[in-house]
Peer 1: 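Sharing a structure below in structure tokens format, with a few things to ask.
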Amino acid sequence: MVYLPDAMKTTEFDSSDEEVGEEEQQQQPPLEISWLPLTVVECSQFLGICALPGCRYKDIRRNLQRDMGELQNQGVQDVFVFYGGVPELEQCCQILEELQLSIHDNRKTVVHCYGGLGRSALIAACLLLKLSVTMTPGKAIDILRQLRGGGAIQTVKQYNFLHEFREKYAAHQESKDVPLERSLSR
């Protein structure tokens with residue numbers, strides 16, 4: 001299953017069908033998937049994080065078929081795609097629910113954005129916070145930076161979203177739990 005946010009259009013991918021020479025393909029390293037052990041939040045599964053398979057942008061010329069083959073070779077069953085800036089809370093909650101279902105069903109799951117550092121690391125960090133009450137935003141960032149490098153969680157908006165996530169998520173859940181007749185009387 002490939003999960004694309006509702007608003008994403010297929011024309012927004014930075015992939016193309018242009019051919020890459022055989023020599024260029026051989027020089028290209030395999031798609032790097034970093035496997036985040038969810039044991040840090042008492043879950044036996046792993047969550048994969050990677051850059052955009054088949055990316056063709058500026059000086060990057062990845063081969064989509066080769067990258068998809070790598071995902072298949074590693075047994076990936078579900079792929080979540082992220083684009084744009086920091087997600088809206090509602091969208092983030094929906095993504096996290098879908099991720100948790102995949103993980104609960106023991107499906108090998110990967111999240112990716114363009115570089116596999118900002119948006120995908122943000123979603124992974126939010127997942128850690130959601131799965132563990134003892135996980136802190138700082139610890140989640142440290143874990144992801146050890147896994148993906150110092151560029152994980154790249155922007156101030158991503159950093160702030162993560163630090164405000166737990167409080168906003170709780171308020172969001174409470175608003176969903178308000179009985180209909182009570183919300184209508186206001």
Side-chain angles (χ1 to χ4, degrees), residues 1-5 8 12-15 27-64 66-87 91-93 95-96 98-100 102-103 107-132 134-166 169:
M1 171 180 81
V2 175
Y3 175 85
L4 297 169
M8 184 167 193
E12 294 182 51
F13 279 105
D14 284 337
S15 294
Q27 293 175 353
Q28 186 182 91
L31 181 67
E32 181 184 332
I33 304 171
S34 302
W35 293 100
L36 173 64
L38 298 176
T39 52
V40 296
V41 290
E42 300 179 22
C43 177
S44 62
Q45 297 295 89
F46 289 80
L47 178 65
I49 303 171
C50 68
L52 176 67
C55 180
R56 305 220 179 187
Y57 183 71
K58 295 185 180 179
D59 62 339
I60 298 171
R61 293 282 183 250
R62 298 209 53 85
N63 180 285
L64 181 59
R66 185 172 176 205
D67 289 350
M68 294 307 290
E70 183 63 28
L71 290 170
Q72 288 176 336
N73 289 341
Q74 292 203 32
V76 173
Q77 296 166 295
D78 292 337
V79 178
F80 288 74
V81 180
F82 304 104
Y83 70 99
V86 172
Q91 181 187 27
C92 182
C93 291
I95 291 165
L96 292 174
E98 294 291 330
L99 269 174
Q100 280 188 272
S102 291
I103 291 165
R107 296 182 60 82
K108 204 163 188 181
T109 304
V110 165
V111 296
H112 80 72
C113 57
Y114 174 71
L117 296 171
R119 291 159 289 193
S120 55
L122 175 63
I123 293 297
C126 288
L127 181 66
L128 294 177
L129 291 177
K130 188 173 184 235
L131 293 176
S132 172
T134 60
M135 179 63 61
T136 66
K139 179 68 174 165
I141 290 171
D142 288 346
I143 289 168
L144 286 156
R145 286 184 175 166
Q146 286 174 357
L147 184 71
R148 295 293 295 163
I153 313 293
Q154 297 175 307
T155 68
V156 171
K157 286 183 179 183
Q158 291 168 354
Y159 180 87
N160 290 342
F161 184 90
L162 184 61
H163 277 81
E164 297 166 356
F165 172 74
R166 196 170 267 142
Y169 178 76

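Index from 1, following the sequence. Given the structure is predicted, the values throughout are model-derived calculations rather than measurements.
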Peer 1: Quick one, M68 and V79 - any side-chain contact, counting heavy atoms below 4.5 Å?
Peer 2: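 Result no, sub-4.5 Å side-chain heavy-atom pair not found.
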Peer 1: Identify the two heavy atoms, one from A124 and one from L144, that lie closest to each other, and give their separation to 0.1 Å.
Peer 2: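 Heavy atoms of A124 and L144 come nearest at CB-CD2, 3.9 Å.
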Peer 1: Is the side chain of R107 donor-acceptor paired with the backbone N or O of L99 at a distance under 3.5 Å, no angle test?
Peer 2: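 No.
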Peer 1: Got a sec, which pairs hit salt bridge (Lys or Arg N to Asp or Glu O under 4.0 Å) with one end in residues 154-165, sequence neighbours left out?
Peer 2: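 Matches after skipping sequence neighbours: E164-K168.
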Peer 1: Side chain to side chain contact (heavy atoms under 4.5 Å, CB included), that's the test. Do W35 and V110 meet it? Break it down for me.
Peer 2: CA-CA 9 Å; W35 293 100; V110 165; 3.8 Å; yes
Peer 1: Consider side chain to side chain contact (heavy atoms under 4.5 Å, CB included). Of T109, I103, L36, which one does Q45 pass it with?
Peer 2: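 So, applying the side chain to side chain contact (heavy atoms under 4.5 Å, CB included) to Q45 and each of T109, I103, L36, only I103 qualifies.
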Peer 1: Evaluate the criterion side chain to side chain contact (heavy atoms under 4.5 Å, CB included) for residue pair I95 and V111; output intermediate values, then yes/no.
Peer 2: CA-CA 10 Å; I95 291 165; V111 296; over 6 Å; no
Peer 1: Are M135 and I143 side-chain neighbours, meaning at least one heavy-atom pair lies under 4.5 Å?
Peer 2: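 Contact flag for M135/I143 side chains = yes.
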Peer 1: If you compare all heavy atoms of P87 against all heavy atoms of I123, which two are closest, and at what distance to 0.1 Å?
Peer 2: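 Taking every non-hydrogen atom into account, CG-CD1, 4.1 Å.
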Peer 1: Can you check whether Q100 reaches L127 side chain to side chain, under 4.5 Å on heavy atoms?
Peer 2: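 Of all side-chain heavy-atom pairs linking L127 with Q100, at least one is under 4.5 Å.
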Peer 1: Within this structure, what is the CG-SG distance for the pair L71 and C50, rounded to the nearest 0.5 Å?
Peer 2: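 One gets 5.5 Å once the value is rounded to the nearest 0.5 Å.
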Peer 1: Ignoring hydrogens, what is the shortest heavy-atom contact between P53 and L31? Give both atom names and the distance.
Peer 2: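 Of all heavy-atom pairs spanning P53 and L31, the closest is CG-CD2, 4.2 Å.
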Peer 1: Less than 4.5 Å apart, side chain to side chain, heavy atoms only: is that true for F165 and C92?
Peer 2: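 Touching, per the 4.5 Å side-chain cut-off.
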Peer 1: Which distance, rounded to the nearest 0.5 Å, do you find between the CZ of R148 and the CD1 of I49?
Peer 2: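 Spacing of CZ (R148) from CD1 (I49) equals 6.5 Å.
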Peer 1: What do the steps show when you test Q154 against R119 for side chain to side chain contact (heavy atoms under 4.5 Å, CB included), and what is the final call?
Peer 2: CA-CA 8 Å; Q154 297 175 307; R119 291 159 289 193; over 6 Å; no
Peer 1: List the atom of G118, the atom of C113, and the distance in Å for their closest heavy-atom pair.
Peer 2: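 Here G118 and C113 meet closest at N-SG, 4.2 Å.
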Peer 1: Going by heavy atoms in the side chains, are L38 and L128 under 4.5 Å from each other?
Peer 2: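 Answer yes - side chains close enough.
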Peer 1: Any non-hydrogen side-chain atom of H112 less than 4.5 Å from a side-chain atom of V81?
Peer 2: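 In short, these two side chains touch, coming nearer than 4.5 Å.
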Peer 1: Could you grab the distance from atom CG of L129 to atom OH of Y169, nearest 0.5 Å is fine?
Peer 2: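 L129 atom CG to Y169 atom OH measures 11.5 Å (nearest 0.5 Å).
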Peer 1: Flag the pair E32 / E70 as yes when at least one side-chain heavy-atom distance between them is below 4.5 Å, and no otherwise.
Peer 2: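 No; the side chains remain at least 4.5 Å from each other.
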Peer 1: So how far is it from R166 CZ to S132 OG, rounded to the nearest 0.5 Å?
Peer 2: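 R166 CZ to S132 OG: 6.5 Å, rounded to 0.5 Å.
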Peer 1: Output, in order, the C-alpha distance, side-chain angles, deciding distance and verdict of side chain to side chain contact (heavy atoms under 4.5 Å, CB included) for D78 and K108.
Peer 2: CA-CA 6 Å; D78 292 337; K108 204 163 188 181; over 6 Å; no
Peer 1: F80 vs F82 aromatic rings, parallel, tilted or perpendicular, using cut-offs 30° and 60°?
Peer 2: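 Parallel.
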Peer 1: Okay, side chain of R145, backbone of I153: is any donor-acceptor separation there less than 3.5 Å?
Peer 2: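 At least one qualifying donor-acceptor pair exists.
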Peer 1: When rounded to the nearest 0.5 angstrom, what distance separates OG1 in T155 from CG in L117?
Peer 2: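 With rounding to 0.5 Å, OG1 (T155) is 12.0 Å from CG (L117).
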Peer 1: To the nearest 0.5 Å, tell me how far D67 CG sits from N73 CG.
Peer 2: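 That separation rounds to 11.0 Å.
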